Amino acid sequence: MTDRYVVIGNPVGHSKSPWIHAQFARATGQDIDYGRLEAPLDGFDAAVDAFRASGGRGANVTLPFKQAAFRYCAELSPRARAAEAVNTLVLDRAAVFGDNTDGVGLVRDLQANLGCGLEGRRVLLLGAGGAAQGVVQPLLESGVALLVVVNRTAARARALAARFPGVQGGGYELLDSGSYDLVVNATAAGLSGALPTIPPRVFARDALAYDMVYGRETPFLAFAREHGVQVSDGAGMLVEQAAESFLIWRGVRPRTDAVLDALRHG
Ligand code: NAP
């Protein structure tokens, strides 16, 4: 019988995850069906309960439910525990298991696909939501020299930073001085055509500006380009985090290069 998976979010109609997992399944000979599940904003638990009861084997979780998914799980991987956010649910065990593959997805895209070394680099992370929470620990583990988290709601950035020794957090006023080799936009600002309030001086010489939003020229990417900064959208992170979820569910790691190429140019 075909094993069923979904991506759960609200909204979720735009998600490329079903297409990506279909490519992975074809390439690895796995018999899966992967769809979309839009849960009501106050109905995440009930939606997962119903999908699991109907035989669903696993799910990816996207905006705005990553923290709700963390609370839903009976068991957690160390990286989900560090993130306090879950993007991958394993539903076919006695106890629901949660993991977070966003961080490994970002780090793999930066290092393997974009050739961006992280060791000793100064990194600025914009945003403190579910996506930002998932990438702090993996960035620290990859040897960055400095990690600063800023967020529109400063208290959320301060609370996130306080969980990790050496990480600084606060509002955008923290950006009055200092420049960074890598600026990661983990806010949802680009989805509504908004630009986080950053001065151009945050970009060091040869900096990379990375927007987790994918498939569109966000105001953040346009702003960085205007100031001569190299840019990348989040398509590579999306494909790499999906590959890690696929490995968790199916025990086989799919190749990502052709899928990323087709997503970008197909
Ligand atoms: P979330 O939990 O809802 O958090 C949203 C974040 O964006 C918060 O920090 C919020 O600040 C900030 N924000 C929203 N609008 C803003 C604006 N106009 N100006 C400044 N900050 C703003 O969402 P999430 O799960 O973290 O996802 C964030 C983004 O990352 C989404 O666009 C998502 O699509 C993308 N993402 C991509 C990948 C990938 O694989 N490429 C993976 C995960 C997420 P406040 O706290 O002040 O509200």
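This is a predicted model, so every value here is computed, not measured. As the structure lists them, so they are numbered: ligands from 1, and atoms in each ligand from 1.
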Check your understanding: What's the shortest distance from atom 37 (C) of ligand 1 to any protein heavy atom, and which residue and atom give it?
Key -> Met212 O, 3.3 Å

Exercise for review: For ligand 1, indicate whether the residue Pro64 contacts it via side chain, backbone, both or neither (heavy-atom separation under 4.0 Å).
Suggested key: neither

Check your understanding: Does ligand 1 have any atom sitting under 4.0 Å from a heavy atom of Gly105?
Key -> no

Check your understanding: Looking at CD of Glu217 and CG of Leu221, how far apart are the two atoms once the value is rounded to the nearest 0.5 Å?
Key -> 5.5 Å

Check your understanding: Any idea which part of Leu238 is under 4.0 Å from ligand 1, heavy-atom wise: side chain, backbone, both or neither?
Key -> both

Check your understanding: Counting heavy atoms only, which of Val213, Val184, Thr187 is nearest atom 29 (C) of ligand 1?
Key -> Thr187

Review point. Could you give the distance from CG (Asp33) to CE (Met1), rounded to the nearest 0.5 Å?
Key: 11.0 Å

Check your understanding: What are the atoms of ligand 1, with element, lying closer than 4.0 Å to any heavy atom of Ala194?
Key -> 18 (N)

Point to revise | Ligand-residue contact atoms, ligand 1 with Gly127, heavy atoms, under 4.0 Å | key: 9 (O)

Practice item. Of the side chain and backbone of Leu126, name the one, both, or neither that has a heavy atom under 4.0 Å from an atom of ligand 1. Key: neither

Check your understanding: In terms of side-chain geometry, is the basic nitrogen of Asp45 or Arg71 positioned less than 4.0 Å from the acidic oxygen of its partner?
Key -> no

Practice item. Distance to 0.1 Å, residue and atom name: give those for the protein heavy atom nearest to atom 9 (O) of ligand 1. Key: Asn151 OD1, 2.7 Å

Practice item. With heavy atoms only and a cut-off of under 4.0 Å, state how Lys66 meets ligand 1: side chain, backbone, both or neither. Key: side chain

Practice item. Could you tell me whether ligand 1 has any atom less than 4.0 Å away from a heavy atom of Ala186? Key: yes

Exercise for review: Record the part of Leu191 in heavy-atom contact with ligand 1 below 4.0 Å; permitted values are side chain, backbone, both and neither.
Suggested key: side chain

Check your understanding: Rounded to the nearest 0.5 Å, how far does OG1 of Thr256 lie from CG of Leu263?
Key -> 11.5 Å

Study note, to complete from the structure: Under 4.0 Å from one or more heavy atoms of Thr153, ligand 1 contributes atoms 45 (P), 46 (O), 47 (O)

**Study point:** Atom pair CD/CZ of Gln30 and Arg250 - distance to nearest 0.5 Å
**Key:** 4.5 Å

Review point. Which word best sums up how the rings of His21 and Phe24 line up, parallel for under 30°, tilted for 30 to 60°, or perpendicular for over 60°?
Key: perpendicular

Study note, to complete from the structure: Checking heavy atoms under 4.0 Å, the part of Met237 that sits near ligand 1 is both

Point to revise | Contact atoms of ligand 1, heavy-atom distance to Gly129 under 4.0 Å | key: 2 (O), 4 (O), 9 (O), 26 (O)

Exercise for review: Ignoring hydrogens and angles, state whether a donor on the side chain of Asn60 or Tyr34 is under 3.5 Å from an acceptor on the partner side chain.
Suggested key: yes

Check your understanding: Do the charged groups of Arg216 and Asp211 touch, with an N to O distance under 4.0 Å?
Key -> no

Review point. Tell me: protein heavy atom nearest atom 26 (O) of ligand 1, and distance?
Key: Ala131 N, 2.8 Å

Review point. To the nearest 0.1 Å, how far is atom 16 (C) of ligand 1 from its closest protein heavy atom, and which atom is that?
Key: Arg152 NH1, 3.3 Å

Review point. Within the structure, does Pro196 bring an N/O atom to less than 3.5 angstrom of an N/O atom in ligand 1?
Key: no

Exercise for review: Give the single entry among Arg156, Gln67, Gln133 that approaches atom 8 (C) of ligand 1 most closely by any heavy atom.
Suggested key: Arg156

Check your understanding: Looking at OG of Ser142 and CZ of Arg108, how far apart are the two atoms once the value is rounded to the nearest 0.5 Å?
Key -> 12.5 Å

Review point. When you look at Tyr180 and Phe203, which way does the side-chain contact (heavy atoms from CB on, under 4.5 Å) test go after all the steps?
Key: CA-CA 5 Å; Tyr180 301 85; Phe203 299 114; over 6 Å; no

Exercise for review: Say whether Ala128, considering both its backbone and side-chain N or O atoms, lies within less than 3.5 Å of an N or O atom on ligand 1.
Suggested key: yes

Revision key, fill the gap. Output for pair (Ser177 OG, Arg201 CZ), nearest 0.5 Å, gives 7.0 Å

